[in-house]
Visitor: 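Below are the structure tokens for one structure; questions will follow.
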Amino acid sequence: MCPVRLPRVEDIESRLTGPRTASRLGLWLGAAFGICFLTGIWSHLQQDTPGWLTVPTSPASLYRVTQGLHVATGVATIPLLLAKLWSVFPRLLARPPRGARRLLLHVLERGSIAVLVASAIFMLVSGSLNVVQWYPWEFSFRATHYAVAWVATGSLVLHVAVKLPVIREALAGPEPSSDGLGRRTVVTATLAASVATTVLTVGQSVTPLRRVSVLGVRDGEGPQDLPVNRTAREADAVGPALDPEWRLTVAHAGEERSFGRDDLLALPQAQERLPIACVEGWSRSADWSGVRVRDLLELVGAPSGVDVRVESLQRRGAFATSVLPAQFCADPRTLLALGLNGTTLALDHGYPCRIIAPNRPGVLQTKWVTRLETLA
Ligand SMILES: Nc1nc2c(c(=O)[nH]1)N[C@H]1C(S)=C(S)[C@@H](COP(=O)(O)O)O[C@H]1N2
Ligand SMILES: [Mo]
């Protein structure tokens, strides 16, 4: 009887896997991950702006570009990460070294890789589920996705530092001619899969690719040629939004004025072409018409340089209110929109009126507005 022998790394490490393939894929993975991380940090800063930062109002499409890149590079990462895990998978069979010191180093290195793999998978899974708006968990998506991003990035930097000699050696010198083609094919095929996955989804923010992106979760259907994130019904806003008694209140330092929709339409109207750029990755430009927020604030004597709290008819949920920072209030492109793409704003897009400002994450473009109030 032949003795049972556990397979060794060499048994299953084919000429296609190993450090060369892993390093090449790692370069692409690192680049995609790096862009995804930086644009993710920016998204967080735009949504949760710290006191030291003044978010610019221009370019108007900045958030559209950064968030589109964030989701596109995140999607591109999925095939790259799968191929990378496949290329190093035989290493799981590596026997631990002898000697306490080397064993300890080995355990630390394996542990850091376990943290890296787990956190990277968490980022891609939670990000993808957020894109399809499915939250099968209890925790706050944004806070957790943000915190784990730092864990993933930290363990990635550590991993690259530890592996630097192996990476250097793997990337240096010519490909061994005997197996160069096969290995190159693996990397090329992975990149092709990565590009394909991205193209199949990116049309949700790159409008000309809309028809190609069959996997894009927002196909662009919605009233007035604009997708809807949450309908009036879902927000419990139908009744109050259609109420003929609806008024908009604008308040500053004890002074209050209220307007019906006809009053607002009687004020000077402005037109702006601005995008809705949802954090979940879809975005679309539209033609908005309405009253400049700056003009409304002037009517109650509010000075420029103050932040404004925006309140929705929607009673519950994190999106029911938002704060419009001073620079957005002062920007003449920031509208209280009454019309969209040539007709009256649809109920699902925020009728009777909604905020639309340049370079703002979609979630802060509050719909079904009922009150604007300056903050001291
Ligand atoms: N009151 C309120 N405003 C809201 C939302 C909401 O749920 N409630 N969703 C926001 C999000 S996440 C986005 S992306 C935009 C989408 O605008 P649209 O549905 O008109 O396309 O509205 C924003 N305004
Ligand atoms: Mo959104």
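When reading the values below, keep in mind they use all heavy atoms of this one structure, side chains included, and skip hydrogens, waters and symmetry mates. Whatever order the structure lists them in is the order used to number ligands and atoms, beginning at 1. These numbers come from a predicted model, not from an experiment.
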Visitor: List in chain and number order the residues that pass side chain to side chain contact (heavy atoms under 4.5 Å, CB included) with A235, two or more places apart in sequence or in another chain; answer none if no residue qualifies.
Guide: R230, A237, Q314, W368
Visitor: Got an N/O contact under 3.5 Å between K367 and ligand 1?
Guide: yes
Visitor: If we ignore hydrogens and angles and just use 3.5 Å, is the side chain of R110 paired with the main-chain N or O of L108 as donor and acceptor?
Guide: no
Visitor: Check whether the side chains of S322 and T366 place a donor and an acceptor atom closer than 3.5 Å, and report yes or no.
Guide: yes
Visitor: Can you tell me if R91 has over 12 outside heavy atoms packed within less than 6.0 Å of its CZ?
Guide: no
Visitor: For residues 27-45, please give each side-chain donor-acceptor pair under 3.5 Å, one per line with the distance, not counting sequence neighbours.
Guide:
{"residue": "T39", "atom": "OG1", "partner": "I35", "partner atom": "O", "Å": "2.7"}
{"residue": "T39", "atom": "OG1", "partner": "C36", "partner atom": "O", "Å": "3.2"}
{"residue": "T39", "atom": "OG1", "partner": "H70", "partner atom": "ND1", "Å": "3.4"}
{"residue": "W42", "atom": "NE1", "partner": "Q46", "partner atom": "OE1", "Å": "3.0"}
{"residue": "S43", "atom": "OG", "partner": "Y63", "partner atom": "OH", "Å": "2.9"}
{"residue": "S43", "atom": "OG", "partner": "Q67", "partner atom": "OE1", "Å": "3.2"}

Visitor: Could you find the nearest protein heavy atom to atom 7 (O) of ligand 1 and give me its residue, atom name and distance?
Guide: R230 NH1, 2.9 Å
Visitor: Heavy-atom contacts with S312 under 4.0 Å: which atoms of ligand 1 show up? List them by number with element.
Guide: 1 (N)
Visitor: Which of the numbered atoms in ligand 1 are under 4.0 angstrom from any heavy atom belonging to C278?
Guide: 14 (S)
Visitor: Looking only at protein heavy atoms, which one is nearest to atom 2 (C) of ligand 1, and how far off is it?
Guide: Q314 OE1, 3.1 Å
Visitor: Check this for me - ligand 1, P227, N or O atoms closer than 3.5 angstrom, yes or no?
Guide: yes
Visitor: Flag N229 as yes when one of its N or O atoms lies below 3.5 Å from any N or O atom of ligand 1, and as no otherwise.
Guide: yes
Visitor: Are R354 and ligand 1 in contact, using a heavy-atom cut-off of under 4.0 Å?
Guide: yes
Visitor: Indicate yes or no for a side-chain donor-acceptor contact from N359 to the backbone of S58 under 3.5 Å, with no hydrogens or angles considered.
Guide: no
Visitor: Looking at W368, which atoms of ligand 1 are within less than 4.0 Å of one of its heavy atoms?
Guide: 1 (N), 2 (C), 8 (N)
Visitor: So which protein heavy atom does atom 20 (O) of ligand 1 come closest to, and at what separation?
Guide: H349 ND1, 2.6 Å
Visitor: Measure the distance from atom 9 (N) of ligand 1 to every protein heavy atom, then report the residue, atom name and distance (to 0.1 Å) of the closest one.
Guide: F319 CD1, 3.7 Å
Visitor: Does any N or O in the side chain of N341 come within less than 3.5 Å of the main-chain N or O of A286, such that one atom is a donor and the other an acceptor?
Guide: no
Visitor: If we set the cut-off at 4.0 Å for heavy atoms, which region of Q365 has an atom near ligand 1: side chain, backbone, both, or neither?
Guide: backbone
Visitor: Specify the protein heavy atom at minimum distance from atom 13 (C) of ligand 1: its residue, its atom name, and the distance to 0.1 Å.
Guide: G362 O, 3.4 Å
Visitor: Exactly one of R309, H252, E255 should register a side chain to side chain donor-acceptor pair (under 3.5 Å) with T374. Which one does?
Guide: H252
Visitor: Are the side chain of W288 and the backbone N or O of I356 linked by a donor-acceptor pair below 3.5 Å?
Guide: no
